[in-house]
Structures are given as C-alpha cells and as structure tokens.
Amino acid sequence: TLQKPVGFSRSNTVVKLGGYALKCSSVEIDAGRKNEYRNMANAEDVVPVDAKSTATMKFELPTVAQKSVYDELEKTTEQALLLTHGQAAGNKVAISAPAAQLTNLVEEKDRGVLFVTATMRLKPVAGNDQYIITLT
C-alpha cells in the first residue's frame with residue numbers, strides 16, 4: 001500500500017555530519033548522473049558516463065567548540081553524512097554517505113540566527129558507493 005509522505009521536522013528527521021546532529025532546515029541529494037546518447041554500428045543506446053554526487057544542506061552554524069565546519073572546509077575533511085527521515089516501518093528512508101567533503105559554505109541570517117548553506121561532494125570509498133539508500 002502507498003504510504004503517506006511525512007514532512008521534514010525535528011520529530012521525524014535526523015541529519016548528522018561527522019557524528020554531529022545538525023539543526024538542519026533542508027537537505028538535497030543530487031546523484032549527478034550524466035548520460036550520453038550513442039549511435040554506432042550495431043548499437044544505439046544511452047549510457048551513463050559520470051556520477052558526481054553532491055549534497056546541499058542548510059543548517060544552523062554550530063559553535064567552533066561543537067563542530068568547526070570552516071576548519072573542515074579548509075582541510076577538505078571527509079566525514080560521514082547520515083540522513084534518516086520517517087519513523088513508521090514502511091515509511092522510513094535513510095541515506096548514508098561515508099565520505100562527504102565540504103566544498104562550499106555560504107552564510108545567511110534566518111530570523112536572527114546564523115545559518116550556512118553547505119555544498120558537499122559525496123565521494124566513493126570503494127567502487128561506486130558514494131551513498132547508500134535504505135528503505136524500511
């Protein structure tokens with residue numbers, strides 16, 4: 001049966017970067033899949049040629065004592081990104097990226113609180129495992 005989608009909120013969504021739970025207002029994962037059309041003798045098809053996966057998140061900037069995101073950006077630190085959304089069985093998704101690397105941070109104020117929009121490159125650890133999606 002089709003499950004009703006649930007909204008993105010503190011009661012049903014957890015976003016962790018390097019083990020630190022972020023106060024996150026949005027997350028977007030882009031598989032980065034590029035496909036090209038091929039037409040040649042004995043073959044006409046569309047083949048994948050690239051998959052540069054990225055994640056974009058908007059979150060409240062933690063203090064340096066909590067998590068030094070600017071230091072991680074400067075040092076190109078690779079760390080685990082974990083997103084868990086939903087609570088009920090059959091309506092829960094988890095996305096884990098074992099090697100997320102910050103590539104850009106843009107600051108903005110939202111209702112007097114400092115937020116950053118972070119762009120990350122999701123890198124494979126072995127083979128093509130930039131991220132894993134688990135549905136439960």
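At least one donor-acceptor pair under 3.5 Å links the side chain of Q101 to the backbone N or O of T76. T103 places a side-chain N or O within 3.5 Å of a backbone atom of T119 that can act as its donor or acceptor partner. Listed for the D129 side chain is no donor-acceptor partner under 3.5 Å among the backbone atoms of Y131. Using modelled atom types, no side-chain atom of N12 and backbone atom of V6 make a donor-acceptor pair closer than 3.5 Å. Here the side chain of Q130 pairs a donor or acceptor atom with the backbone of A51 at under 3.5 angstrom.
The cluster map of Ile, Leu, Val, Met, Phe, Trp and Tyr, joined by side-chain heavy atoms under 4.5 Å apart, puts V47 and M40 in different clusters. With hydrophobic clusters built from ILVMFWY side chains whose heavy atoms lie under 4.5 angstrom apart, L82 does not share a cluster with Y20. Hydrophobic clustering (side-chain heavy atoms under 4.5 Å, transitive across Ile, Leu, Val, Met, Phe, Trp, Tyr) groups V93 together with F8. Both L17 and L105 are part of a single hydrophobic cluster, where members link through side-chain heavy atoms under 4.5 Å apart. V14 and I29 are assigned to two separate hydrophobic clusters, defined by single-linkage of ILVMFWY side chains at heavy-atom distances under 4.5 Å.
Atom CD in E28 sits 5.5 Å away from atom OG1 in T56 (nearest 0.5 Å). We find the CD-CG distance between E36 and D50 to be 9.5 Å, quoted to the nearest 0.5 Å. Note that the CE atom of M120 and the CG atom of D30 stand 14.0 Å from one another [nearest 0.5 Å].
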L81 vs L122, side chain to side chain contact (heavy atoms under 4.5 Å, CB included): CA-CA, chis, key distance, verdict: CA-CA 9 Å; L81 171 64; L122 306 181; 4.2 Å; yes
From CA spacing to verdict: side chain to side chain contact (heavy atoms under 4.5 Å, CB included), L22, M57: CA-CA 10 Å; L22 297 171; M57 304 187 314; 3.5 Å; yes
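Closest of all the heavy-atom pairs between L73 and L102 is CD1-O, 3.5 Å. Here the shortest heavy-atom pairing between A31 and S53 reads O-OG, 3.1 Å. When all heavy atoms of A118 and F59 are compared, the pair lying nearest together is CB-CE2, 3.6 Å.
Put simply, the side chain of E108 reaches to within 4.5 Å of the side chain of T117, judged on heavy atoms. The closest side-chain heavy-atom distance from V69 to D71 is not below 4.5 Å. Between E60 and L114 the shortest side-chain heavy-atom distance does not fall below 4.5 Å. The shortest side-chain heavy-atom distance between P48 and K34 does not fall under the 4.5 Å cut-off.
By the 4.0 Å N-to-carboxylate-O rule, K123 lies close enough to E78 to be salt-bridged with it. With salt bridges taken as basic N to acidic carboxylate O contacts below 4.0 Å, one links K58 and D110.
Every pair passing side chain to side chain donor-acceptor pair (under 3.5 Å) that includes a residue from residues 79-91 is listed here, sequence neighbours excluded: T13-H85, K67-Q79, E72-Q79.
The neighbour count for K16 NZ, taken as heavy atoms of other residues, nucleotides or ligands under 6.0 Å away, does not exceed 12.
Taking Ile, Leu, Val, Met, Phe, Trp and Tyr as members and joining any whose side-chain heavy atoms lie under 4.5 Å apart, directly or through other members, the hydrophobic cluster of V113 also contains F115.
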